Structure formats: structure tokens, C-alpha cells
Amino acid sequence: MATILIKSPTIVTATATFEADILIEGEKIAALGPALSAPGAQVIDASGKLALPGGVDPHTHFNLPMFGTVSSDDHYTGHKAAAFGGVTTALDFASHEPGALAESVAAWHARADALAAIDFGFHMNITRFDPQTAAEIPSLPGLGITSLKVFSAYNGRLRLGDGEIFQVMRLAKASGLLTMLHAENGDVIDILVAEALAAGNTSPEWHAHTRPAWGAVEATLRGIALAAETGAPLYVVHMNAGGEVDQLAYGRQRGLPVMGETCPPYLFFTVDHMRRPDGAKWVCSPPMRSAADNQRLWQGLSEGTIQTIGTDHCPFFFDGSQPILYEGQAVAIPGKELGQDLFTKIPNGLPGVGDRLPILWTYGVRAGRMSANQFVALTSTNPARIFGLYPRKGALLPGSDADIVLWDPDLRISYGVNCRRAGAHHRTDYNLYEGWEVVGLPEKVFLRGRLIVDGEQWLGRPGQGQYLFRSSGEVL
Ligand code: URP
Ligand code: ZN
Ligand code: ZN
């Protein structure tokens, strides 16, 4: 059992910042304190560096079949990119296939287990509500799954009716499961899409115009109302519209068990990016909104209305006809070019799992929009608590997994210019933050005591990531 002593970092947790050494024994943190000694231990001098709990990304989509193609990171390439960005745990979504829920979960294990390079868990998508699904929802915690996702959009594919969502939430509450909601108005979207196509409006920005912010706002309130009516906790995923934050605040002020997540693109980009010639790069659902929405989301984070920042990482190539080199192999996967003539055919989703921490550190913490402790809370500790992983994950405590990021707060890079760090490892041909200056990046990343990223060096391997059996989470 390897013993590692990390000397003199500044420890940053969700609630405190202090100087201490960290002793790792095997996969766990054994001790934390001043002037620790451990004869025979490997000593790492971390003076001038910060030590953070490994990032927990609560929202990713690896190897997800969609739009006649597949998201271009699988559970190895996506996990590797995550690790370079300081993330040691990622949760993704098992698709609801025909047959038993347990078969859907087994099918997702078949995609993930042999490839996983960081620790991982699954949420369960519930995209069909029938007597079999109703009977099987209580079995999910026995499979290590304590959260499920429902959709109020994607009519005819993923959407459930309001009454069905109501019944799912009642069952979820009875089994200690958290309901996650994709909040948009599927009926309105379908009408607006048909009208846009009939009028010959086919460019990427029409993806945003046909998915109005008010639909997200009222669907969020609908979800909150269902939480009130069922008493079930609710987590609104990928919050994108300022009005959603207002609705969430309304529910929380009334003591309802409702929480929210946003994602970095909704903090930085607007529909204007979708008007660019390469606007397809920003096509995801829900879409980019306005600068006022960006601002309200930032405010929602700082006032505590929103609890987490995930990525909704779901990358596609911008031009999947042109191969890129990935670990020495030429790889090309059909992507956004599928919709070059029609916005409805652009695969929905953005890369981001490796970008989240460096971008938020630079443009959140360094820009004075959040403290370093809030940064840790939003990107690691809160997701771990909400999704039943704390204090094994999201914490630097004796007994926690030794998932530790040694963060260099002074390291400065320009994204996309020979950048071999963070998001540059996504298996796709573009990055949303190309050319942005980033100050502050992971220097070393430990997964359960094993060094998996050392500067620009990848020391990890497929299959080292463990599936996480999760408990019921907390309502924050
Ligand atoms: O465009 C997106 N976000 N694709 C992933 C699926 C989802 O709804 O989160
Ligand atoms: Zn969604
Ligand atoms: Zn998603």
C-alpha cells in the first residue's frame, strides 16, 4: 500500500482555506494536519500550490447515441479529458431502452466499465412511463442509482407528460431517488420548429429561436409545482434562463426541496454565438440565451439559489468528415456537419468536461465572481452531497478517497494554442474557449491515491475507474 505525503499545500475546501499536509495511505486520505511525518512515504512538495478535492461533474454524456451519430467522447476519452481538467468523478445518464430498467443499466455498464478512467456513476433516464417502469423504479437504488432524469421536451422521443412526471416523482420520493428535470416546453418547440422550416429558416440560430426561454421558465415552475404537490426533491438540470433562477428562488423561499445546476456555456455565451458561420458549435439543448440571462445565472450562483455547475458534456465534431489525431490514431466521428443545411439535424451538445474548472477558476474566482470555497462547493462538494457520494467524494477529510487536485494558481495558458492541457483532451475538433487566456490549472491529479495526471503527462489507463454505488443524497 503506497504512502504519499503531500507537503505544504494550501487546502481549499467548500468552507475553509488553510495550510496543512496531506497523508495518503493506499486509496484514502489518512490524515490532514500541520507538519505531518511518515517515514518511508513518497514526499511531494506542494508549496505554492492549492490542494482541492477532485472535481465531481454531475452531468456528462459519454458515447451517447443521438442524431444518427454518437457523442464523440467515450468513457475513456471523456474521463481522460475530465482528469486533465481536475475532475475525478463523473456521472452520466443510462438511456432507457426497451425491456427492464436493469437491462438498460447493464447495457450502460457494458459501455462504461472497461473504459472508465475516473470514478463514475449513472443517473437513470426515464423516457417511458408504463406499469413495468413504475414497478422497477424502486429497484434503482439496489443498482447504485439514486437519481433519475425526466424530460418535458423532445416530444415523441424522451418526453413524459406532466401526469407521468408527477407519478415518477411520487415513486422517486418513496425510494429515496432525486428527480432531475430537463425543463423546456416540447409542444411549443414542435410548433415553432415546423413554422421555422416552412418559412425557410434553417440556420443554427433558429435552434435558439424555436426553443424560447419562457418555455424553460414555465417548465421549471411546473417542475417546482410538482415537487410541492408530491413532496419529492427536484434538481433542475442545465439552467440557462434568468427566469428559471427566479422560479427556483421562489420555490426555495417557500421551503421546497428544489435545487438547480447550470453549465459554463450558459454563463459566457449568448445566441449571438449561434449567428456566427460556425454557430453550430454552440448548438445544444436548451440553447444559449442573452447577456441578461448570463448575469442572472451568475447572481443565482453567488446568492446560493443554484447549487452546482455541471458541464452537460456531450461533444460532437464540428466537421466529422475530417479526422483528428487521438493517441496517435486518426479518428473522425460524424458531428455538427450533419446539420449544415438544417438546424434540426445538428447534433445537440457541447464539449466541456475538461474546461469546467480552469474556465471557472479564471473567469469566476479570479474575476471576483465567486470565492475559491464557492468554486469547490459548486464543482465538487455540492454535487457529491446531492448525489449521495459525500464524504467519500467532494471532501478532503480523513477517510475520504484520496481524489486530490494539486492546483497551480499561477500557470497561464492560451486555450487552443498548442494547449496540451484540460479541454484540449476532448476527443473532438474544437473547443468553445479557443484563444481564451486561462490562469490556474491542475498540476497533479490523484485518483484514489494514484497519480493519473502529472503536468501534461497522462498516467491513467482504461478500466481504472470504479463504478460508484451511491446512497440517497442530501437536499441543499
Ligand atoms: O444538447 C444537449 N444538452 N444534449 C444532451 C442531452 C440533454 O438534454 O442533456
Ligand atoms: Zn437535458
Ligand atoms: Zn444532458
Side-chain angles (χ1 to χ4, degrees), residues 57-74 78 82 90-96 108 120-127 147-160 165 178-186 189 193 204 206-208 210-211 213 215-216 219-220 222-223 234-241 244 260-267 269 271 273-274 279-289 308-318 335-336 338-339 343-353 355-356 383 387 426 428 432:
D57 193 333
H59 192 151
T60 58
H61 300 279
F62 302 119
N63 194 12
L64 174 66
M66 225 186 174
F67 288 79
T69 181
V70 68
S71 60
S72 60
D73 268 322
D74 62 23
L91 305 179
D92 82 325
F93 295 79
S95 294
H96 191 178
W108 219 258
F120 66 103
F122 301 150
H123 312 290
M124 184 72 228
N125 277 349
I126 301 293
T127 54
S147 44
L148 47 78
K149 182 178 178 190
V150 293
F151 298 77
S152 63
Y154 301 112
N155 286 14
R157 287 191 292 144
L158 307 176
R159 182 181 180 175
L160 299 186
I165 293 177
L178 175 62
T179 302
M180 309 166 79
L181 175 66
H182 176 121
E184 291 187 285
N185 187 317
I189 289 167
V193 167
W206 285 89
H207 178 75
T210 56
R211 306 184 83 97
T220 294
R222 239 186 303 157
L234 181 77
Y235 175 97
V236 183
V237 293
H238 44 52
M239 290 178 65
N240 52 93
E244 289 186 290
E261 162 201 278
T262 190
C263 312
Y266 300 121
L267 298 168
F269 302 115
V271 65
H273 290 85
M274 301 170 71
K281 289 178 178 172
W282 280 269
V283 168
C284 68
S285 294
M288 301 300 113
R289 305 294 186 189
T308 73
I309 306 177
T311 58
D312 199 3
H313 178 80
C314 189
F316 295 95
F317 278 53
F318 178 61
K336 304 277 187 184
L338 295 171
F343 71 88
T344 55
K345 295 197 183 312
I346 302 171
N348 289 195
L350 310 180
V353 75
D355 303 321
R356 183 180 60 142
F387 292 105
H426 300 148
T428 183
L432 294 172

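Computed from a predicted structure; not experimentally measured. We count ligands from 1, going down the list as the structure has it; atoms in each ligand are counted the same way.
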Exercise. Would F62 and F120 count as a close aromatic pair, with their ring centres under 6.0 Å?
Worked result: no
For this session: Decide whether D57 and H313 meet the rule of one side-chain donor and one side-chain acceptor closer than 3.5 Å.
Result: no
Exercise. Of the protein's non-hydrogen atoms, which lies at the shortest distance from atom 1 (O) of ligand 1, and what is that distance?
Worked result: S285 N, 2.8 Å
Problem set entry | Minimum-distance protein heavy atom relative to atom 4 (N) of ligand 1 | N348 O, 3.3 Å
Problem set entry | Name, closest N/O/S atom of H182 to the Zn ion (ligand 2) | ND1
Problem set entry | D312 contact mode with ligand 1 (heavy-atom cut-off under 4.0 Å) | side chain
Exercise. If only atom types and distance count, is the side chain of T220 paired as donor or acceptor with the main-chain N or O of A183 below 3.5 Å?
Worked result: no
Problem set entry | Point-to-point distance, once rounded to the nearest 0.5 Å, from CG of L350 to NE2 of H426 | 10.5 Å
Exercise. Under 4.0 Å from ligand 1, counting heavy atoms only, is it the side chain of K149, its backbone, both or neither?
Worked result: side chain
Exercise. What protein heavy atom sits nearest atom 8 (O) of ligand 1, and how far away is it?
Worked result: H182 ND1, 3.1 Å
For this session: Could you see which bit of F316 sits under 4.0 Å from ligand 1, with heavy atoms only: side chain, backbone, both or neither?
Result: neither
Problem set entry | Nearest neighbour in protein (non-hydrogen) for atom 6 (C) of ligand 1 | H61 NE2, 3.7 Å
Exercise. From H61, does some N, O or S atom reach closer than 2.8 Å to the Zn ion (ligand 3)?
Worked result: yes
Exercise. Without hydrogens or angle criteria, can the side chains of H96 and N125 be said to hold a donor-acceptor pair below 3.5 Å?
Worked result: no
For this session: Indicate whether any N or O donor in one side chain lies under 3.5 Å from an N or O acceptor in the other, for S285 and H238.
Result: no
Exercise. Can any side-chain N or O of D92 pair as donor or acceptor with the backbone N or O of A90 at less than 3.5 Å?
Worked result: no
Problem set entry | Residue F151, metal the Zn ion (ligand 2), N/O/S under 2.8 Å | no
Seminar exercise, completed: Among the N/O/S atoms of D312, the Zn ion (ligand 3) lies closest to OD1
Exercise. Going by the angle between their ring planes, with limits at 30° and 60°, are F93 and H123 parallel, tilted or perpendicular?
Worked result: tilted
Exercise. What atoms in ligand 1 come closer than 4.0 Å to a heavy atom of H238?
Worked result: 8 (O), 9 (O)
